[in-house]
Amino acid sequence: MHDGTGRIVVQNLTKQFGPVAAVQNLSFTVEPGSVTGFLGPNGAGKTTTLRMLLGLVTPTAGTGLINGRPFAQLGNPARVVGAVLEAQGFHPKRTARNHLRVYAAAIGVPDSRADQVLQLVGLGAAADRNAGGFSLGMKQRLALATALLGDPQILVLDEPANGLDPEGIAWLRTFLQSYARSGRTVLISSHLLAEVEQTVDQVVIVSRGQTMYQGSLDQLRGRQQGRVLVQPSDTGALVAALREDGVAAIEQLPDGRIAVTGVAAKQVADTALKAGVSVYGIQEEKADLERLFFQLTSGQYAAPGQYAQPVAYQQQPPPGYQQQYQAPPQGYQQQPGYQQPYQQQPGYQQPPQDYQHYQPPAPGYETPPPGSQQPAQDNPYGRQSGQDGLGGGA
């Protein structure tokens, strides 16, 4: 039997899908009594990790343990772990109550438990409605009700706030925090960083299938100092006064304010008063989860030319950019009937990133007669072998 601690332990977990390493040597621990956020960009391996933890995917290496045991060895796992990986497993013609009664019979709990969890998630009035007519937010609540049927010690939820309205998100936040405060374990995966910041106590941040940070949210914030943003009447005088007080981390902002790092707002205000500088505005800016998240994940799937985190605009082109257009030589005159090249035609498709720019044909090249076919490598947008109709070869 399991040890009953409510602890989740992931040790050196790895999953390889052919040449793709979805998860690489991932390790973290989730303790009871707190809400832990499992965060990372799309494709970071979050859902794959949760599936391995719940026995739905076999890991290539490593282990995922719940109460010291793999999921398959928990005996009656629904009494230990309640999990929601997607809110779509409902028969559209079955009522919410009957859906829950089917699951209640499967895990050995009385039918009355179905009505209890429906009330708990706010679906008591919709108990006799068919699940097929539910909104996405109602389906999320019904999925959560299904996970709660066995009164589990541990909750594992993948994007639980997806589809919920603001009232539903606020309710979910309060519910999860209350659930954890009762000594149970809550692990949630989410992309809603602003909401997660108000819900979780601990965070596990992954990128490229690896753990980038594990610990409390307060400790994560403490890794980056906050700033004091101040709008003075005399910027130069305030900067000079701050430097006299030993403050070195001072930055001039484009909007005329200055950012002072490593000191409290009260100290900046006192320095301004002593220097006879009026202050028109002052605020203390703390590092939020979104900024820290971007720093840790480094824009795993940022599009070419985009930056991993907001930075000041630069006039220089991004690294790797190649300028294709060349200005015509001096004295060049456009000939009659000339058409601008590269005009986008109807049906035009953007070429792939590795597409080579058009090169003129070699001297002596002859246009092939009508009906002939170009070699596949010379026509990257033509019909390829095995590609027929829409989406061929995808």
Decide, yes or no, whether a salt bridge links D270 with K266 under the criterion of side-chain N to carboxylate O below 4.0 Å.
-> yes
When rounded to the nearest 0.5 angstrom, what is the spacing between OG1 in T95 and CZ in R129?
-> 11.5 Å
In Å, rounded to the nearest 0.5 Å, how long is the span from CD1 of I188 to CG of L50?
-> 11.0 Å
Under 6.0 Å from the CZ atom of F71, do we count more than 12 heavy atoms belonging to anything else shown?
-> yes
Angle class for the H99/F90 ring planes (parallel below 30°, perpendicular above 60°, tilted otherwise)?
-> perpendicular
Could R97 and D111 be called an ion pair, given the rule that one side-chain N must be under 4.0 Å from one carboxylate O?
-> no
Indicate, with yes or no, if V102 and V109 share a hydrophobic cluster defined by side-chain heavy-atom contacts under 4.5 Å among Ile, Leu, Val, Met, Phe, Trp and Tyr.
-> no
Please walk me through it: do R184 and L155 pass side-chain contact (heavy atoms from CB on, under 4.5 Å)?
-> CA-CA 8 Å; R184 308 191 193 200; L155 276 180; over 6 Å; no
Same apolar cluster (I L V M F W Y, side chains within < 4.5 Å links), V277/L253 = no
Indicate if F175 and V196 have the same hydrophobic cluster label, given that clusters are the connected sets of ILVMFWY residues with side-chain heavy-atom separations under 4.5 angstrom.
-> yes
Electrostatic pair E251-R227, nearest N-O below 4.0 angstrom | yes
Approximate separation, where rounding is to 0.5 Å, of D158 CG and E86 CD = 9.0 Å
G62 backbone acceptor or donor facing N12 side chain under 3.5 Å = no
Single-linkage hydrophobic cluster I169~W171, side-chain heavy atoms < 4.5 angstrom | yes
Would you check if the side chain of K46 reaches a backbone N or O of G40 as a donor-acceptor pair within less than 3.5 Å?
-> yes
Are V268 and V247 in one and the same hydrophobic cluster, where Ile, Leu, Val, Met, Phe, Trp and Tyr link if side-chain heavy atoms are under 4.5 Å apart?
-> yes
Only one of L74, N67, V186, L187 passes side-chain contact (heavy atoms from CB on, under 4.5 Å) with I154, and that residue is N67
From S178 atom OG to R173 atom CZ, the distance as rounded to the nearest 0.5 Å = 14.0 Å
If you look only at pairs with a residue in residues 22-45, which of them pass as a salt bridge (Lys or Arg N to Asp or Glu O under 4.0 Å), with sequence neighbours excluded?
-> R7-E31
Donor on one side chain, acceptor on other, D255 and Q231, under 3.5 Å = no
